[in-house]
Amino acid sequence: QVHVVESGGGLVQPGGSLGLSCAASGRILSINAMGWYRQAPGKERELVATITSGGSTNYADSVKGRFTISRDNAKNTVYLQMNSLEPDDTAVYFCNAEVHPISSVRWYDYWGQGTQVTVSS
């Protein structure tokens with residue numbers, strides 16, 4: 001069994017900052033990519049940022065220069081630091097982890113339950 005749990009989120013004013021974290025736990029042999037996605041009301045889920053186990057990162061154009069993704073491989077944890085937040089960043093943010101469970105022969109995508117980020121004055 002593998003669990004992915006996000007923390008952080010909340011209400012912040014435009015121009016403010018917020019940090020998210022996400023920890024994967026359970027019967028994990030290895031984790032490849034971890035990432036953050038978001039879904040605004042009435043819109044499809046979209047990629048925000050991803051990071052490989054080696055530290056290579058990828059960002060959506062809309063967040064480049066404002067958001068920073070990082071991870072601690074020893075803790076199976078990924079972080080998202082969000083600066084200069086805008087109202088359009090309002091969404092439910094989901095964590096994703098590509099996990100190779102113990103006693104499994106393949107990789108699986110696991111998702112967290114999501115955490116709300118609201119940017120409003």
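- In this structure, the side chain of Thr115 engages the main chain of Gly8 through a donor-acceptor pair within 3.5 Å.
- Clustering ILVMFWY residues whenever any of their side-chain heavy atoms sit less than 4.5 angstrom apart, transitively, puts Val117 in a cluster other than the one holding Phe94.
- Glu98 CD to Ser30 OG: the interatomic distance, rounded to the nearest 0.5 Å, is 9.0 Å.
- Summarising the geometry of Ile51 relative to Ser70, their closest heavy-atom pair is CD1-CA, 3.9 Å, with the distance given to 0.1 Å.
- Hydrophobic clustering (ILVMFWY, side-chain heavy atoms < 4.5 Å, transitive): Trp36 and Val92 are in distinct clusters.
- Tracing side-chain contacts under 4.5 Å through hydrophobic residues (I, L, V, M, F, W, Y), one reaches Val2 starting from Val78; they form part of the same cluster.
- Annotation: side-chain hydrogen bond (donor to acceptor under 3.5 Å, both in side chains) contacts of Thr52 (sequence neighbours excluded): none.
- Gln1 places no side-chain N or O within donor-acceptor distance of the main-chain N or O of Arg27, the cut-off being under 3.5 Å.
- Side-chain contact check for Glu6 versus Leu20: every heavy-atom pair is 4.5 Å or farther apart.
- Here the side chains of Val12 and Ser17 are not in contact, with every heavy-atom distance at 4.5 Å or above.
- Side-chain contact check for Arg45 versus Trp111: some heavy-atom pair is nearer than 4.5 Å.
- Note: Thr50 OG1 to Leu47 CG = 5.5 Å, rounded to the nearest 0.5 Å.
- Under the 4.5 Å side-chain heavy-atom criterion for grouping Ile, Leu, Val, Met, Phe, Trp and Tyr, Tyr37 is not connected to Val4 through any hydrophobic cluster.
- No side-chain heavy atom of Val99 sits less than 4.5 Å from a side-chain heavy atom of Tyr108.
- A 4.5 Å side-chain heavy-atom check between Tyr79 and Thr68 finds every atom pair outside the cut-off.
- The shortest side-chain heavy-atom distance between Leu18 and Phe67 does not fall under the 4.5 Å cut-off.
- In this structure, Thr77 OG1 and Arg71 CZ are separated by 9.5 Å, a value rounded to the nearest 0.5 Å.
- Under the 4.5 Å side-chain heavy-atom criterion for Ile, Leu, Val, Met, Phe, Trp and Tyr, Met82 and Tyr59 are members of the same hydrophobic cluster.
- Interatomic distance, Trp107 CH2 to Asn32 CG, rounded to the nearest 0.5 Å: 5.0 Å.
- Under the side-chain contact (heavy atoms from CB on, under 4.5 Å) criterion, Ser62 pairs with Arg38, Ala60, not counting sequence neighbours.
- Across every non-hydrogen atom of Ala49 and Ile69, the tightest pair is O-CD1, 3.6 Å.
- Between the side chain of Asn73 and the main chain of Ser53, a donor-acceptor pair closer than 3.5 Å is present.
- Residue pairs meeting the disulfide (SG to SG under 2.5 Å) criterion with at least one partner in residues 21-116, sequence neighbours excluded, are Cys22-Cys95.
- The shortest non-hydrogen separation linking Pro14 to Ser120 is CD-C, 3.6 Å.
- Counting only heavy atoms from C-beta outward, the side chains of Arg66 and Asp89 approach each other to under 4.5 Å.
- Closest non-hydrogen pair, Ser7 versus Ser21, comes out as OG-OG, 2.6 Å.
- The shortest distance between side-chain heavy atoms of Gln116 and Thr90 falls below 4.5 Å.
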